[in-house]
Amino acid sequence: MNKIIEIKNLNKSYSVATNFWGREQKFVHALNGINLEICENEILGLVGESGCGKSTLGKCVLKLEPITEGEILFKGKDISVLDKNETKEFRKKTSLIFQNPYMSLNPRMKIYDILREPFIVNSIRDKKIIRERINEVLNLIKLDQSDLAKYPHEFSGGQRQRIAIARAIMMNPDFIVADEPVSALDVSIQSQIINMIIDLKQKMNLTMLFVSHDLNIVKYVSDRVAVMYLGEIVEIGNKDELFENPKHPYTKALLSVVPKINDKGEKKIILQDDLPSPYELPKGCKFHTRCPFALERCKTEEPKYYSDTETHKTKCFLCE
Ligand code: SF4
């Protein structure tokens, strides 16, 4: 399969304090040694607790945040060395779906103008082309022609998120980051939006990084899933591998507390303490301060990735 995104040894840190001479002294280590690939027509789900670095990764992949070290390739090309024209083309071929449809749509603009924005940004002014494409996308997201003359406040949260998705797919992008796209919506509406994303993936051959803290949603929408902890991918695999046969204690803990319809009374793994500070990452395995199965060596040695299949990798000594 064609690789659309390749992330190699990606590190991202933010300087948060400087000393008297202005030299950087304290850093937040947001992303630590990320290696990932996302192939054409694939949805990769990215899960983890708030503050683990999921959204930062999404922004880095879209070149909205500079990276500290490593490489991000889009269709084989390093996005950090794109010139002005190439960056413009990259922006045309990628897009972002925001979490909150109440904030992401300008309340003073009519829906037609909101949907026309991507054309303006890309210097496309032909009214016929714009109108035809907007009509095509309206059909895909099941909104009516008459909706184009309305303002965002005239729509429900679910409809607003449809409009935001319509804007994101308007230029027929090759890659989309969806950052918690349903977490601001009522549960009853979430499934409609998720089904629409799956439908669009099939119809438009979409490739997507789907960021969420909700494992049930990720399970439903994704082809593969990566679990993130303190800026690291601790486990990655095909959806079934990860949900049926989780290996990393963190993944097991996350899955054990997901509400299930047929709950057989399985033991819940409740993690002690909060996420450690990203200012001072724990030595050894970064999860050892909360891991119920930690060994002595976990405090000092960093585990590598162990594979039980070609696609399923886990960063834990228990899989050695
Ligand atoms: Fe737990 Fe050790 Fe595995 Fe880390 S390497 S997840 S601390 S058992």
Side-chain angles (χ1 to χ4, degrees), residues 7-13 27-37 44-57 68-70 209-219 222 224-260 265-320:
I7 303 172
K8 299 181 180 176
N9 301 319
L10 173 64
N11 290 321
K12 167 74 186 171
S13 40
F27 293 92
V28 170
H29 301 282
L31 300 174
N32 304 295
I34 304 279
N35 287 288
L36 273 184
E37 291 171 356
L44 177 72
L46 183 63
V47 286
E49 287 161 285
S50 298
C52 73
K54 307 181 298 287
S55 296
T56 304
L57 180 59
T68 310
E69 276 178 323
L209 178 66
F210 188 98
V211 175
S212 178
H213 65 279
D214 188 324
L215 281 126
N216 272 334
I217 289 173
V218 165
K219 184 177 184 182
S222 310
R224 281 191 308 136
V225 178
V227 180
M228 199 169 201
Y229 183 79
L230 269 187
E232 280 186 348
I233 303 297
V234 294
E235 183 164 2
I236 185 165
N238 289 335
K239 173 170 66 178
D240 293 341
E241 288 172 328
L242 200 126
F243 282 92
E244 303 307 324
N245 187 22
K247 297 280 184 190
H248 197 283
Y250 181 58
T251 314
K252 288 182 185 176
L254 290 180
L255 287 174
S256 76
V257 293
V258 172
K260 298 179 188 82
E266 289 136 5
K267 200 175 158 210
K268 309 236 178 307
I269 305 171
I270 308 295
L271 295 176
Q272 303 302 318
D273 303 328
D274 292 332
L275 211 57
S277 164
Y279 295 111
E280 282 179 55
L281 297 174
K283 291 204 168 49
C285 171
K286 293 186 180 53
F287 187 55
H288 85 257
T289 56
R290 301 169 83 194
C291 179
F293 310 103
L295 313 164
E296 206 43 43
R297 67 189 287 205
C298 303
K299 295 179 188 166
T300 51
E301 280 180 56
E302 187 174 344
K304 62 179 183 105
Y305 287 94
Y306 299 97
S307 309
D308 61 326
T309 69
E310 215 176 292
T311 46
H312 191 189
K313 291 182 195 158
T314 312
K315 196 175 185 197
C316 173
F317 288 124
L318 300 178
C319 303
E320 205 167 6

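Atoms within a ligand are numbered from 1 in the order they appear, just like the ligands themselves.
- Residues Lys247 and Glu241 are not paired through a salt bridge, judged by the lack of any N-O separation under 4.0 Å between the basic side chain and the carboxylate.
- Asn245 is linked by a side chain to side chain donor-acceptor pair (under 3.5 Å) to nothing, counting only residues two or more places apart in sequence or in another chain.
- Residues passing the side chain to side chain contact (heavy atoms under 4.5 Å, CB included) test with Asn35 are Lys8, Asn9, sequence neighbours excluded.
- Checked against side chain to side chain contact (heavy atoms under 4.5 Å, CB included), Leu254 has the following partners two or more places apart in sequence or in another chain: Leu215, Val227, Tyr250.
- Checked by atom type and distance alone, the side chain of Ser212 never pairs as donor or acceptor with a backbone atom of Val218 at under 3.5 Å.
- Among protein atoms, those of element N, O or S found less than 2.8 Å away from atom 1 (Fe) of ligand 1 are Cys291 SG.
- Using cut-offs of 30° and 60° on the angle between ring planes, the pair Tyr306 and Phe317 is tilted.
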